[in-house]
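Note sheet for the following structure.
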Amino acid sequence: MSTILGIESSCDETAAALVTSDRTILAQRIASQDEAHRPYGGVVPEIAARAHAERLAPLIEATLADAGMSLDDVDAIAATAGPGLIGGVMVGLVTAKALAMATGKPLIAVNHLEGHALSPRLADAALEYPYMLLLVSGGHCQILLVEGVGKFRRLATTIDDALGEAFDKSAKLLGLGYPGGPAMERLAREGNPRGVPLPRPLVGSSEPHFSFAGLKSAVMRAKQSGLYTDADIAAAFQQAAIDCLIDRTRRALASVGPVNALVVAGGVAANKAIRASLEALATEHRLDFVAPPLALCTDNAAMIAWAGVERFALGQSDPLDVAARPRWPLDPEAGAVRGAGVKA
Ligand code: KG4
Ligand code: ZN
C-alpha cells in the first residue's frame, strides 16, 4: 500500500491531503481564499499567489499532524503542475520539489484536470475505465472519454466561457456576489425555470462543443428589461445550462463505443439539479452514474493525491526540473477550437 501527499494551489484554494492506494483520505486541509478575492468579484492572480505562499507550508505541516504522520511515512509527493494561474502553480510545485529533494521521495507532477477526471475513482472503487466524463468547473467545460491514466479523448469543449464562469458572471449580474454558482442554485429553487425565455447555444448543432457567452448576455438583457424576478432569471439560466449539458452529453455518448459509466466532476458538479438531470440521462442509456461527493468536486488536494496514487502504481514520477504549465490540455491531439483560446 502506498501513501501519497497531494498539493493543490492552481486557483484560489490552498490544499494538502494524504491519500492511500486503498482509497483512504487520511487527512486533508483546504484554505479557501474567497474572502480575499470577494471585493474584486473574481480571483486576482497576484493575491492568490501571495496567499498560497503564506499558507501552504503550515497547511502541509498541519495535514501531516492530523494524520499523525511525518514525511518519512509518505511514498511520493504529488503536486498540481498546471493548468492554472502560474503564480499559484509555481508555489505548490516548487514546494513539492523542495520536499522531494529534502526527503529523496519521488515527485509526481499532476495535471489539475486529471485530478478532477480521476477523482471519481477515489470515491468509487468499482468505477473502471473507460468512462464518459463531463468536467464542468470555473475554468473548464469539457466532455472527455477517460480511457486510463493519462489517456483522454476530448470530445467537446467550450468555444467561449466555461459553465462555472457563466454561473459566476450571471450571479454577478444579479448582484449575488462571488463565487456565484452556489448562490445561483439557491435562488433558482425559488424561481420558475420556464419564466424567462433564454437561448440554448449550440443545442442540436452538428459540432460537438459548448457555448455559454450568449446565455450570459441574455441573462444581462433579461435583468436590464426589468420584466422578470431575479429568482426566475436564475431558474431559467440553470435550466438552459442543463438543457445544453444534456444535449451535448447525449451527442458525445452517441459518438463513441461502449463506456462503463457517465461521470460528472468539477466544481459545477456540486449543483444538485445538474446532477439529477445527468443521472436521468445515464439511466436512459443504462449507464452507471457516478458523481463524487461534493467535497471532491470542488478544488481539493485529495484528488491530486489520488492522481498521484494512480501514477505511482504505474511506476511513474517526474524529474525535479519538471516545468509548471499554465496551459496543459489533457488531450494533446485535440485541436484548438474557435474562440477557445483561453481555455486549456
Ligand atoms: O472546480 P472548481 O472548484 O474550480 C475550478 O474552476 O477549477 O469550480 C469552481 C466553479 C465556480 O465557477 C463555482 O461558481 C462553480 O464551480 N460552482 C457551482 C456550484 N458550486 C460551485 N456552479 C453551480 N452550482 C453550484 N452549486
Ligand atoms: Zn478545478
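We count ligands from 1, going down the list as the structure has it; atoms in each ligand are counted the same way. Please read these numbers as outputs of a predicted model, since none were measured by experiment.
- Counting only N and O atoms by type, the side chains of S10 and H112 include a donor and acceptor under 3.5 Å apart.
- Using a 4.0 Å cut-off to heavy atoms of G139, the atoms of ligand 1 that qualify are 6 (O).
- Because the distance cut-off is set at 2.8 Å, H140 fails to qualify as a neighbour of the Zn ion (ligand 2), as none of its N, O or S atoms comes that close.
- Summary of contacts: the protein heavy atom closest to atom 26 (N) of ligand 1 is E185 OE1, 2.7 Å.
- Distance check for C11 against the Zn ion (ligand 2): none of its N/O/S atoms falls below 2.8 Å.
- Note that OG1 of T249 and CE of M132 are 8.0 Å apart. Values are rounded to the nearest 0.5 Å.
- Among protein heavy atoms, atom 11 (C) of ligand 1 sits closest to D168 OD2, 3.5 Å.
- No salt bridge links E185 with K272; every basic N to acidic carboxylate O contact stays at or beyond 4.0 Å.
- Ion pairing of D161 with K169 is present here, as a side-chain N (NZ or NE/NH1/NH2) and a carboxylate O approach within less than 4.0 Å.
- Side-chain contact between L281 and E284 is present, with at least one heavy-atom pair separated by less than 4.5 Å.
- Each of the following atoms of ligand 1 lies closer than 4.0 Å to a heavy atom of G164: 12 (O).
- Scanning all protein heavy atoms for the shortest distance to atom 4 (O) of ligand 1 gives D299 OD2, 3.2 Å.
- Within 6.0 Å of the NZ atom in K97, the count of heavy atoms belonging to other residues, nucleotides or ligands exceeds 12.
- Ion pairing of E333 with R153 is absent here, as no side-chain N (NZ or NE/NH1/NH2) approaches a carboxylate O to less than 4.0 Å.
- Taking the charged nitrogens against the carboxylate oxygens, R50 and E46 do have a contact shorter than 4.0 Å, which makes a salt bridge.
- Remark: distances from the non-hydrogen atoms of H140 to ligand 1 are all 4.0 Å or more.
- Backbone and side-chain nitrogen or oxygen atoms of T298 are examined, and none is located within less than 3.5 angstrom of a nitrogen or oxygen of ligand 1.
- Within the 4.0 Å heavy-atom shell around ligand 1 one does not find M184.
- At a heavy-atom distance under 4.0 Å, no atom of K272 approaches ligand 1.
- Taking distance alone, with nitrogen or oxygen atoms compared against 3.5 Å, F167 stays at or beyond that limit from ligand 1.
- For G267, a nitrogen or oxygen atom sits less than 3.5 Å from a nitrogen or oxygen atom of ligand 1, counting backbone and side chain alike.
- Per residue D299, closest N, O or S atom to the Zn ion (ligand 2): atom name OD1.
- We find that K105 and D75 are not joined by a salt bridge, their nearest charged nitrogen and carboxylate oxygen being 4.0 Å or further apart.
- Of the options G266, G181, A270, the smallest heavy-atom separation from atom 22 (N) of ligand 1 is shown by G181.
- Not a single heavy atom of C11 sits less than 4.0 Å from an atom of ligand 1.
- At a heavy-atom distance under 4.0 Å, only side-chain atoms of H116, from C-beta outward, approach ligand 1.
- In terms of protein heavy-atom proximity, atom 15 (C) of ligand 1 is closest to V268 CG2, 4.0 Å.
- A salt bridge links K223 with D230: at least one charged nitrogen is closer than 4.0 Å to a carboxylate oxygen.
- Within ligand 1, counting atoms from 1 as listed, the ones closer than 4.0 Å to a heavy atom of H112 are 7 (O).
- Counting only heavy atoms of the protein, atom 9 (C) of ligand 1 lies nearest to G138 N, 3.8 Å.
- Counting only heavy atoms of the protein, atom 24 (N) of ligand 1 lies nearest to N271 ND2, 3.1 Å.
- Between T14 and I30, every side-chain heavy-atom pair lies at or beyond the 4.5 Å cut-off.
- Considering only heavy atoms from C-beta on, F167 stays 4.5 Å or farther from S170 through its side chain.
- Both cation-pi conditions hold for R121 and Y129: the charged atom is under 6.0 angstrom from the six-membered ring centre and inside a 45 degree cone around its axis.
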